[in-house]
Amino acid sequence: MDKERDFEIPHSNVQRILKANLPAGVQLSKESKIAFAKSAGIFVMYLTAVANDFCKENRRQTLSASDVIDALKEIDFDEFVEPLEKCLAVQRAETQARKKAKTEKGSGRKEEKSPSSEVPMNNNMQADNDGKE
């Protein structure tokens, strides 16, 4: 793939974001979509580089959400910090809810497989068979 295109966000994603945020009836030229895609890619690279600096300062190798938030503040995009923090809080709550549901579902399966739950099922099956003969 062309190195220049490696830094572009897919045009379909850019178009969807633009349409959602522009008034109805506003048309976009193909060139403007390309400009938005390239600009978004450059912004992501810049934000990543600044976040990576925070990560290195803290002697870590894994970028965290707090590094991204600190990077946004560093590059004077403070107005995005609060919405991002709210979005992250929702995402974390959804992740915890999925984990909890998965844990509960997993423990429910163990109960189904326990010997005590199999005995009544066998008795019921025998009762059904006795009535059919």
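Side chains are part of it too, since the values below use all heavy atoms of this structure and drop only hydrogens, waters and symmetry mates.
For Ala51 against Ala71, the heavy-atom pair with the smallest separation is N-CB, 3.6 Å. For Lys33 against Val14, the heavy-atom pair with the smallest separation is O-CG1, 4.0 Å. Heavy atoms only, all atoms of each residue included: Phe54 and Arg60 are closest at O-NH2, 4.3 Å. Annotation for Asp78 and Lys73: closest pair OD1-CA, 3.2 Å, computed over non-hydrogen atoms.
Here the CD-CG distance, from Gln61 to Asn52, works out to 10.0 Å after rounding to the nearest 0.5 Å. Once rounded to the nearest 0.5 Å, the distance linking CG of Asn58 with OG of Ser64 reads 8.0 Å.
No continuous path of ILVMFWY side-chain contacts below 4.5 Å connects Leu18 to Ile34, so the two sit in separate hydrophobic clusters. Side-chain heavy atoms closer than 4.5 Å link hydrophobic residues (I, L, V, M, F, W, Y) into clusters, and following such links, even through other members, never connects Val44 to Val50. In this structure, Ile69 is a member of the same hydrophobic cluster as Phe43, with clusters built from ILVMFWY side-chain heavy atoms closer than 4.5 Å. Follow the hydrophobic side-chain contacts under 4.5 Å out from Val81 and you reach Ile75 in the same cluster.
Inter-residue side-chain proximity for Ser39 and Ile42 is flagged as unmet; no heavy-atom pair is nearer than 4.5 Å. Side-chain contact between Ile9 and Ile17 is absent, with no heavy atoms from C-beta onward closer than 4.5 Å. At least one side-chain heavy atom of Lys19 sits under 4.5 Å from a side-chain heavy atom of Gln15.
The six-membered or imidazole ring of Tyr46 lies away from that of Phe77, with a centre-to-centre distance of 6.0 Å or more.
For the side-chain contact (heavy atoms from CB on, under 4.5 Å) with Thr48, the lone residue among Val68, Asp67, Leu63, Asp53 that qualifies is Leu63.
Other residues, nucleotides and ligands contribute more than 12 heavy atoms inside 6.0 Å of the CD atom of Glu79.
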